[in-house]
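For reference, the structure discussed in these notes is given below.
Predicted model, so just to flag it, every value in this text is computed and none were measured.
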Amino acid sequence: MLTRQLRIEEVPLARDAHTGAASGGYAAWLNTGREGFHQQPATADQVEQMFQAHEVDARVLTGVYDDSLPADWVDPLVPVATYASFAKTLNVGASLVPAHLVTMVTVRPTHRRRGILRELMTGDLARAKAAGYPVAALTASEATIYGRFGFGRVTEQQTLHLDVRGDVRFHAAASGSVLQVPPHVLGTVAGPVFEAFHASRRGSVGRQEAYLRHATARWGQEGPDPDPKLRAAVYLDPAGEIQGYVTYVFAGWDSKPLTLNVRDLVATTEVARREIFRFLSSVDLIERISHPFAAADDPLGWALEDPSRVSYTGREHCLWVRVLDVPAAFAAREYRGSGTFTLRVADPQGLVAGFYAFAIRDGRAKVTELDEDGPADFSCGAVALGPLLLGACGIGDLVSAGLLEPAERALPAEPAALSELLDLPGVPHAINGF
């Protein structure tokens, strides 16, 4: 429980009745969150831009306030901690499920170790479960924080570098065409293209309004200001249908080697992605293409005659998932073949603790929570459910890591049998944060 001087309040997305500008409470909350991520205070116009985007996302904003601070030194509207959530969808393989997304989590250094984060997170996850969300998700800036709340790492990302000096040759012949367009054209393109990608890629999470504003150059990389340097192109398949787009900027003449930085690349097919890279490699006066948010198993090197042109840096965790409803979440997952097993889940927060029976038939599962607490084939903690749900790694890896434990009576072949049911090809991949 928080001390008496600390109070948690929802920060309404409201405007000042006299000026029509975003309320002072919203501006104070926003700038406290920005400070937590070492960003400059937002200007009045930037506050308005962020307010509009948060309205579109229907974000729920929460602040923690310390009433013991001297009002003549500290504005009472300024929180000591921020927290926000909004709803999108997560692709878990066989379908999209509603996802409760957590973002903008900050606690001021003066108020650490007072239980603020635990109070915010546990209360919010309980409300999300009660509201019917099967999963919650976040992108963590610090990997060690969120496991204790049941979030498990499910995707990784890395920055891809493509050396484009000389003639870059692909194994496959060119297919379709690429059309350079002004970024504002993506206003009608970016949404449908991303939704097609989102529906096809396990691990993809729905995008917030900010991505559309970035793609159309209304917002730059550093914040909600126009970006005149941004360039854009769309890929059309042989039938003339748009199947991908890319936005990019020149890193400047001081960059060594001369680099084109990809800001956003969304492709509905691997062919579309390959042809976008073919286009980027032909941009004049450029020696390297750098692309963040590449998957851990990025296939570009296999498309090139010279795979040594591709290198990677900055591999890191990206999406973390917390299962809130085991039957609903795992019924939406894909499987292989048919079979049965039972799973006991331990959860200190009590959200999904229980004993579950999985009946898998022809690649789909019916999951039932059982009242009796009998012997289970496997057991795990809540933190293992995210990677188990998304197929982030193989069953053997989860067992080796100690995240999934076979029953003591289990035969050596039982983990292998579970692998045949649950292991999936490829890795989940999210191309955006939030």
Side-chain angles (χ1 to χ4, degrees), residues 8-15 22-23 25-34 36-37 39 42 46-64 79 81-92 96-107 117 120-141 145-146 149-151 154-155 190-191 194-195 197-199 203-215 218-219 223-224 264 318-325 328-329 351 386 430-434:
I8 299 175
E9 287 191 358
E10 183 176 332
V11 180
L13 283 167
R15 294 187 177 277
S23 69
Y26 171 81
W29 181 92
L30 177 66
N31 280 321
T32 300
R34 289 172 64 88
F37 290 98
Q39 296 173 309
Q46 290 172 333
V47 169
E48 173 62 23
Q49 291 289 321
M50 295 297 293
F51 183 91
Q52 292 176 14
H54 289 171
E55 274 192 316
V56 173
D57 293 336
R59 297 198 180 201
V60 177
L61 314 180
T62 303
V64 178
T82 63
Y83 189 100
S85 64
F86 60 108
K88 291 293 179 182
T89 55
L90 173 68
N91 187 323
V92 297
L96 304 180
V97 299
H100 179 78
L101 306 188
V102 176
T103 186
M104 207 69 165
V105 180
T106 72
V107 179
L117 176 59
L120 289 170
M121 184 66 73
T122 56
D124 182 56
L125 292 178
R127 288 187 293 273
K129 178 179 176 64
Y133 287 97
V135 297
L138 53 79
T139 50
S141 55
I145 293 177
Y146 295 101
F149 299 109
F151 287 87
V154 299
T155 72
F194 175 78
E195 290 304 319
F197 166 84
H198 180 47
S204 176
V205 65
R207 283 187 159 182
Q208 65 268 38
E209 168 69 10
Y211 272 89
L212 180 61
R213 298 186 178 218
H214 284 297
R218 286 180 287 170
W219 288 12
D264 194 18
C318 180
L319 188 68
W320 294 66
V321 167
R322 209 293 184 196
V323 173
L324 300 174
D325 184 330
L351 296 175
I431 60 172
N432 46 277
F434 51 90

Checklist entry - Would you call Val60 and Arg127 a side-chain contact if the rule is heavy atoms closer than 4.5 Å? => result no
Item to check | Nearest heavy atoms of Glu209 and Val56, plus distance in Å | outcome: OE1-CG1, 3.5 Å
Next on the checklist: Between Thr103 and Arg59, is the side-chain contact (heavy atoms from CB on, under 4.5 Å) condition met? List the steps.
Outcome noted: CA-CA 10 Å; Thr103 186; Arg59 297 198 180 201; 3.5 Å; yes
Checklist entry - Is there side-chain contact between Phe149 and Leu117, with at least one heavy-atom pair below 4.5 Å? => result yes
Checklist outcome for this item: Value for CG (Leu90) from OG (Ser204), rounded to nearest 0.5 Å, stands at 8.0 Å
Item to check | Rounded distance (nearest 0.5 Å) linking atom CD of Gln39 with atom CD of Gln46 | outcome: 9.5 Å
Checklist entry - With a 4.5 Å heavy-atom cut-off, do Tyr146 and Val102 have their side chains touching? => result no
Checklist entry - What distance do Leu351 atom CG and Arg322 atom CZ have between them, rounded to the nearest 0.5 Å? => result 4.5 Å
Item to check | Closest contact, heavy atoms only, Val47 versus Ala42 | outcome: CG2-CB, 3.7 Å
Checklist entry - Just by modelled atom types, is the Leu319 backbone N or O under 3.5 Å from a matching donor or acceptor in the Thr155 side chain? => result yes
Checklist entry - Of the non-hydrogen atoms in Ala329 and Val92, which two are nearest, and what is the gap between them? => result O-CG2, 4.4 Å
Item to check | Closest heavy-atom pair and its distance - Pro12, Ser23 | outcome: O-OG, 4.3 Å
Item to check | Backbone N/O of Pro224 and side chain of Arg213: donor-acceptor pair under 3.5 Å | outcome: no
Item to check | Minimum side-chain heavy-atom gap Trp219-Met50 below 4.5 Å | outcome: yes
Next on the checklist: Can you classify the ring geometry of Tyr26 versus His54 as parallel (below 30°), tilted (30 to 60°) or perpendicular (above 60°)?
Outcome noted: perpendicular
Checklist entry - OG1 of Thr82 to CG of Leu120: how many Å apart, nearest 0.5 Å? => result 8.5 Å
Checklist entry - Are Val205 and Thr139 close enough that some pair of their side-chain heavy atoms sits under 4.5 Å apart? => result no
Checklist entry - Does Asp325 use its side chain to pair, donor to acceptor, with the backbone of Gly132 at less than 3.5 Å? => result no
Checklist entry - Which atom pair, heavy atoms only, marks the closest approach of Val97 to Val135? => result CG2-CG2, 4.0 Å
Checklist entry - Looking at CZ of Arg207 and CG of Leu101, how far apart are the two atoms once the value is rounded to the nearest 0.5 Å? => result 13.5 Å
Next on the checklist: We want to know whether Tyr211 and Asp264 form a side-chain donor-acceptor pair, criterion being a heavy-atom distance below 3.5 angstrom.
Outcome noted: no
Item to check | Flag side-chain contact, heavy atom, 4.5 Å: Leu96 against Asn91 | outcome: yes
Checklist entry - Which heavy-atom pair separates Trp320 from Phe151 by the least distance, and what is that distance? => result CE3-O, 3.6 Å
Item to check | Atom pair CZ (Phe51) and CG (Leu30), whose distance is rounded to the nearest 0.5 Å | outcome: 11.0 Å
Checklist entry - Are any non-hydrogen side-chain atoms of Val64 and Tyr83 less than 4.5 angstrom apart? => result no
Next on the checklist: Walk me through whether Leu212 and Arg218 qualify under side-chain contact (heavy atoms from CB on, under 4.5 Å).
Outcome noted: CA-CA 9 Å; Leu212 180 61; Arg218 286 180 287 170; 3.8 Å; yes
Next on the checklist: Using the rule given for side-chain contact (heavy atoms from CB on, under 4.5 Å), can you reason through Ile145 versus Met121, listing the C-alpha separation, both sets of side-chain angles and the distance that settles it, and then say yes or no?
Outcome noted: CA-CA 11 Å; Ile145 293 177; Met121 184 66 73; over 6 Å; no
